[in-house]
Amino acid sequence: MVYEVRQLREQDGPAAWRLGSVAFGYHASPPPEDFSLVPGRTAWGVLDGGQLIAKAVDREQGQWFGGRIVPTSGVAGVAVAPEVRRGGLGRQVLTRLLAGARERGAALSALFPSTPHPYRRLGWEEVGALTYLSVPTSALAAIRPGPGVTLRPASSEDVPAVQALYRDWARSGTGMMERSGLLYDTTPEKFLAAYDGVTVAVGATGDLEGYASWVRGPNTDPVARVTAHDLVAATPQASTALLAMFGGWASVAPTTVLRLGQGDPALLEIPTTLVTVDSRQPWMLRLVDAPAAIAARGWPGYLAGAVDLEIVDAECPWNAGPWRLVLDGGSGRLESGGSGAVRFTPRGLAAWYAGAATPSALRRAGLLSGAAVADPLLSAATAGPPPVLHDFF
């Protein structure tokens, strides 16, 4: 059967809402007034005789890799009508989304899967997780902040400095969201109103050295909790002061939940081994435009070399074929041609690009094959902070 696959229009909004609401269980809620008019979101759909039976949304966003922002397609709202599932409609709408994302300039694609299997078949691979950790608040109460930093509630005038702190932090990581652009266009007042509190750590010179955005849960002891969605500190003094502040909730909220990724320096200051995973949402990555993705991210400045690659990519055929990866002075490029001595699947390419797996691990998983002589260069090229993403979409 031949279906129509196209970009959805404003008049398709009610049908898109119904399809997504049934798939994800929010059908009892009314759609927001601006559901069909969100800038920075392009919806694609599969229609059968005018009836919407599958959809997916391409979000215009950027993520930090190697100290640079890489244009990314955030895939969200993937839904297929229950009567026609397992018929390849998800593949149809997602491959069209990938082509459209490339046309608009996206180099990567990221998503949070409800199940990884269909996305792996299309070339995405799990590279990290959005993780919240539960910590006994009594343990944080044992932390004693040092001198030189004071805490206070953030005002709207502080928001640009708070955003700059986040951006510096994200720049030093791998995969973190760039919180600017159409989907993050909000006022300081709206930013502050999204939380019960935003606390800033002010250094001796009056500059902001850190902040925490947090929500006080509705319950009381013994199940009450405080959740920190961001805990960002540019100095150890700011980190200690903010953690100690959460310790002050010990008498009324015995659990503190912190959104911290692997390798976060705050983990080095928590004085207890009783840290458990409160929630963990894996995220996946795919290269949409391989030459653009290689050129866009930063690479180690001390590294120089070249590797002949072959990329096998049926869903994004413009990526497929022999390439020569050239790294030099912090920049990289893919040149057409070469011997194809090292063979990447799309999943292996994504995991390597994000630094989520070594060449040795990818070989054992069957995601990388061919000559191993370049493995040290490939390993060094994406060594660095583990991939972390703190923004769910």
Side-chain angles (χ1 to χ4, degrees), residues 4-21 23-24 26-27 29-47 52 54-65 68-79 93-113 124 130 156 159-160 162-164 166-167 170-171 175-195 198 213 229-230 281 283-289 292-293 296 389-393:
E4 180 187 9
V5 183
R6 63 166 170 82
Q7 184 175 332
L8 298 185
R9 310 180 187 102
E10 182 179 349
Q11 58 266 34
D12 298 310
W17 173 265
R18 285 194 300 273
L19 181 58
S21 67
F24 298 108
Y26 52 83
H27 47 288
S29 302
E33 292 183 0
D34 61 350
F35 176 71
S36 303
L37 302 171
V38 179
R41 288 167 52 99
T42 302
W44 295 90
V46 179
L47 296 95
L52 184 65
K55 74 176 187 72
V57 175
D58 165 25
R59 291 167 39 102
E60 296 182 29
Q61 58 194 46
Q63 291 177 236
W64 288 90
F65 288 87
R68 297 177 186 168
I69 302 169
V70 181
T72 303
S73 166
V75 177
V78 181
V93 73
L94 286 168
T95 52
R96 184 62 188 90
L97 180 150
L98 287 169
R102 176 177 179 255
E103 290 163 6
R104 69 160 183 81
L108 301 176
S109 176
L111 57 83
F112 287 96
W124 280 271
L130 189 160
S156 58
V159 171
V162 164
Q163 293 171 332
Y166 169 82
R167 200 166 198 259
R171 181 186 289 111
M176 292 292 286
M177 190 78 76
E178 165 59 17
R179 293 178 181 171
S180 65
L182 294 172
L183 294 173
Y184 286 90
D185 185 14
T186 187
T187 65
E189 291 75 19
K190 287 184 178 180
F191 169 78
L192 296 175
Y195 307 98
V198 177
S213 55
H229 294 284
D230 273 354
Q281 177 62 60
W283 61 282
M284 307 180 84
L285 190 72
R286 192 200 204 289
L287 272 66
V288 174
D289 185 329
L389 182 55
H390 277 198
D391 294 79
F392 187 81
F393 53 86

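The closest side-chain donor-acceptor pair between Asp58 and Thr42, if any, does not fall under 3.5 angstrom.
For Thr72, the side chain to side chain donor-acceptor pair (under 3.5 Å) criterion is met by no residue, not counting sequence neighbours. In this structure Ala107 satisfies the side chain to side chain contact (heavy atoms under 4.5 Å, CB included) test together with Val70, Ala292, Ala293, sequence neighbours excluded. Legend: residues meeting ring-ring contact (aromatic ring centres under 6.0 Å, His included) with Trp64, ordered by chain and number and at least two apart, are absent. Residues passing the side chain to side chain donor-acceptor pair (under 3.5 Å) test with His390: none are found, sequence neighbours excluded. Qualifying side chain to side chain contact (heavy atoms under 4.5 Å, CB included) partners for Pro113, counting only residues two or more places apart in sequence or in other chains: Leu111, Tyr119, Gln281, Met284. Among residues two or more places apart in sequence or in another chain, the side chain to side chain contact (heavy atoms under 4.5 Å, CB included) test is passed with Arg102 by Val288, Asp289, Trp318.
Phe191 approaches Val162 most closely through the heavy-atom pair CZ-CG1, 4.0 Å. For Pro39 against Leu183, the heavy-atom pair with the smallest separation is O-CD2, 3.3 Å. Among all heavy-atom pairs drawn from Ala56 and Leu94, the shortest one is CB-CD2, 4.0 Å. Here the closest non-hydrogen pair linking Val78 and Phe24 is O-CZ, 3.2 Å. Residues Val75 and Phe393 share a closest heavy-atom pair of O-CE1, 3.5 Å. Nearest heavy-atom pair across Phe65 and Gly175 is CZ-CA, 3.8 Å.
Among the candidates Arg6, Lys55, Gln7, the single residue satisfying the side-chain hydrogen bond (donor to acceptor under 3.5 Å, both in side chains) test with Asp12 is Arg6.
In this structure, the side chains of Met177 and Gln61 come closer than 4.5 Å at one or more pairs of heavy atoms. With a 4.5 Å cut-off on side-chain heavy atoms, Arg167 and Arg179 do not count as touching. No side-chain heavy atom of Leu130 sits under 4.5 Å from any side-chain heavy atom of Leu389. In this structure, the side chains of Trp17 and Tyr26 come closer than 4.5 Å at one or more pairs of heavy atoms. Looking at heavy atoms from C-beta onward, Ser73 lies in side-chain contact with Arg104 at the 4.5 angstrom threshold. The shortest side-chain heavy-atom distance between Val38 and Leu182 does not fall under the 4.5 Å cut-off.
Remark: Glu178 CD to Arg171 CZ distance equals 8.5 Å, nearest 0.5 Å. Atom OG of Ser213 is separated from atom NE2 of His229 by 7.0 Å, given to the nearest 0.5 angstrom. Distance check: Gln163 CD to Tyr184 OH gives 12.0 Å after rounding to the nearest 0.5 Å. Rounded to the nearest 0.5 angstrom, Arg41 CZ and Glu60 CD are separated by 11.5 Å.
Using a 4.0 Å cut-off between a side-chain N of Lys or Arg and a carboxylate O of Asp or Glu, Arg59 and Asp391 do not qualify as a salt bridge.
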